[in-house]
Amino acid sequence: MQIIQSGKELEIYIASLKKSGKTIGLVPTMGALHPGHISLLKRAKMENDIVVTSIFVNRIQFNNPEDFRLYPRTPSKDLQILEEHKSDIVFTPGEEDLYENMESINPDLGILGQIMEARFRPGHFEGVAKIVYTLFRLVNPDKAYFGQKDLQQCKVIETLTTQYQFPVQIVICPVIRENDGLAMSSRNLRLSPEYRSLANRIITVLNYAGDMIQLGESIEYTKKKTTDFMAKFPAFQLEYFEIADAETLHPLSVVSSGQSIALCIAVYLENIRLIDNIIIIS
Ligand code: AMP
């Protein structure tokens with residue numbers, strides 16, 4: 001496994017690999033790696049000659065400086081995990097290196113730039129778009145791997161890819177969960193045991209809402225029931241619960257039969273922001 005810190009060095013090295021006909025898969029992460037990240041790496045290993053995993057806690061995508069400061073960082077454990085799972089290259093740039101090379105892009109995110117995550121985390125997707133744009137420019141991957149856990153982010157990256165015509169295939173991988181159903185996330189490390197034991201209510205409420213839609217309940221009624229259910233648990237502060245078309249993420253007010261629907265939630269638990277989603281067919 002090769003560890004590269006300089007963007008320039010990475011760019012030159014990858015260009016030489018591509019010249020010799022190798023296909024490149026990219027797995028962008030912010031570290032504190034868990035099995036969710038590893039599932040992306042495994043898929044990338046199956047589908048490419050060379051896999052680049054990047055680790056960079058991207059300050060400019062954090063709308064809350066405290067969240068950036070407290071974001072878990074486990075660099076030596078991450079390298080150990082990546083070695084074990086045979087990432088060919090690990091890219092661990094410093095801020096100066098990456099931000100110096102960053103172009104000031106301004107993608108048109110349409111409604112994706114206004115709803116859910118974008119509404120509650122102003123500037124977040126602009127920061128995500130800039131780092132992914134920079135990584136795509138440096139790595140020029142054939143395929144790039146992202147988790148459905150961050151569904152809106154996946155859609156933003158698809159939009160970015162189309163708008164800037166990157167010749168990369170975006171591969172969206174399923175949500176990996178803990179045994180109790182909690183979506184794996186680096187932020188889970190910050191939950192105390194007491195609050196961690198409550199956190200599976202998030203998937204419970206998503207499944208409950210999904211069942212209601214599949215049984216023919218209206219969107220309005222399902223949203224109200226879900227909000228009421230969450231309000232029963234004062235440990236949780238619900239930020240949003242949205243029912244949207246799974247392709248476009250347009251919020252829905254009615255459901256047509258056979259439609260693919262995303263149920264998306266963001267909550268605070270112990271001041272830690274957790275997001276999750278499920279996709280169902282109505
Ligand atoms: P992060 O390090 O949180 O920025 O995540 C890096 C990538 O891993 C993103 O594409 C995430 O969507 C993906 N990811 C994070 N958690 C999970 C999970 N539980 N299951 C699948 N993919 C995940």
Side-chain angles (χ1 to χ4, degrees), residues 25-47 51-64 67-68 70-75 77-79 81-82 85 87 90-93 98 112 116-117 121 124-136 139 141 143-161 168-191 196 199-200 202-203 206 246 249 262 264-267 272-279:
L26 171 68
V27 181
T29 83
M30 297 203 297
L33 300 179
H34 53 66
H37 298 113
I38 302 310
S39 71
L40 271 52
L41 172 59
K42 282 190 176 157
R43 175 90 185 259
K45 288 286 295 175
M46 282 194 299
E47 298 180 351
V51 175
V52 182
T53 308
S54 64
I55 300 181
F56 182 66
V57 186
N58 181 31
R59 182 191 296 271
I60 61 169
Q61 76 182 62
F62 285 79
N63 52 311
N64 175 350
D67 188 27
F68 174 73
L70 295 173
Y71 197 82
R73 289 161 175 91
T74 56
K77 191 166 158 236
D78 289 349
L79 291 182
I81 291 175
L82 292 177
H85 290 90
S87 180
V90 185
F91 180 46
T92 55
L98 219 55
L112 292 172
M116 299 194 285
E117 292 300 287
R121 302 188 68 188
H124 169 63
F125 285 132
E126 287 73 9
V128 169
K130 278 185 189 160
I131 182 74
V132 173
Y133 178 95
T134 307
L135 289 171
F136 280 4
V139 177
K143 294 185 180 182
Y145 297 80
F146 297 90
Q148 185 205 307
K149 158 84 174 23
D150 299 280
L151 182 61
Q152 194 175 354
Q153 171 172 279
C154 292
K155 299 293 165 190
V156 163
I157 288 159
E158 286 177 342
T159 305
L160 178 83
T161 303
V168 56
Q169 185 188 331
I170 304 302
V171 181
I172 302 179
C173 304
V175 186
I176 305 297
R177 299 180 177 281
E178 302 283 358
N179 287 337
D180 68 349
L182 175 66
M184 289 191 177
S185 163
S186 306
R187 286 190 177 84
N188 295 350
L189 290 175
R190 292 179 49 205
L191 290 169
R196 170 64 191 82
N200 64 346
I202 300 169
I203 185 63
L206 282 178
L249 294 189
C264 305
I265 194 165
V267 299
I272 300 160
R273 190 170 185 279
L274 303 173
I275 62 170
D276 198 357
N277 68 82
I278 58 169
I279 294 180

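Atoms within each ligand, like the ligands themselves, are counted from 1 in listed order.
Here the shortest heavy-atom pairing between Y145 and P28 reads O-CD, 3.5 Å. The shortest non-hydrogen separation linking S186 to A32 is OG-O, 3.2 Å. The shortest non-hydrogen separation linking S87 to T53 is OG-OG1, 2.8 Å. Nearest heavy-atom pair across F136 and A144 is CE1-CB, 3.7 Å.
At the shortest separation from atom 1 (P) of ligand 1 among protein heavy atoms lies H37 NE2, 3.6 Å. For atom 21 (C) of ligand 1, the closest non-hydrogen atom on the protein side is P174 O, 3.3 Å. What sits closest to atom 6 (C) of ligand 1 on the protein, heavy atoms only, is P28 O, 3.3 Å. The nearest protein atom to atom 20 (N) of ligand 1, hydrogens excluded, is given as I176 N, 2.9 Å; this is a heavy-atom distance.
Of the possible polar contacts, none joining the D276 side chain to the A266 backbone as a donor-acceptor pair under 3.5 Å is found. Within the 3.5 Å criterion, the main-chain N or O of S54 finds a donor-acceptor partner in the side chain of T29. A donor-acceptor contact shorter than 3.5 Å is absent between the side chain of N200 and the backbone of L182. Within the 3.5 Å criterion, the main-chain N or O of G127 finds a donor-acceptor partner in the side chain of N58.
Residue C154 places no heavy atom under 4.0 Å from ligand 1. In this structure, H34 counts as a contact residue of ligand 1, since one of its heavy atoms falls inside 4.0 Å of the ligand. Distances shorter than 4.0 angstrom do not occur between any heavy atom of P35 and any atom of ligand 1. Remark: distances from the non-hydrogen atoms of Y71 to ligand 1 include one below 4.0 Å.
Cation-pi geometry between R43 and F146 is not met at under 6.0 angstrom from the ring centre and within 45 degrees of the axis.
Below 3.5 Å of separation, one finds an N or O of M184 facing an N or O of ligand 1. In terms of polar-atom proximity, M30 is counted as a contact of ligand 1, with an N or O under 3.5 Å from an N or O of the ligand. Distances between N or O atoms of V175 and those of ligand 1 include no value under 3.5 Å.
For ligand 1 and T29, the ligand atoms under 4.0 Å from any heavy atom of the residue are 2 (O), 6 (C). Atoms of ligand 1 found under 4.0 Å from any heavy atom of F146, numbered from 1 in the order shown, are 10 (O). Residue L40 has at least one heavy-atom neighbour below 4.0 Å for each of these atoms of ligand 1: 7 (C), 8 (O), 10 (O), 13 (C), 22 (N).
For V27, no heavy-atom contact with ligand 1 is shorter than 4.0 Å. Contacts between C173 and ligand 1, counted as non-hydrogen atom pairs separated by less than 4.0 Å, are absent for every part of the residue.
Annotation for K42: atom NZ does not count as buried by contact number, only 12 or fewer foreign heavy atoms lying within 6.0 Å.
The option with the heavy atom closest to atom 12 (O) of ligand 1, from among D78, V57, D150, is D150. Of the candidates G36, A144, G147, the one placing a heavy atom closest to atom 13 (C) of ligand 1 is G147.
No salt bridge links E117 with K155; every basic N to acidic carboxylate O contact stays at or beyond 4.0 Å.
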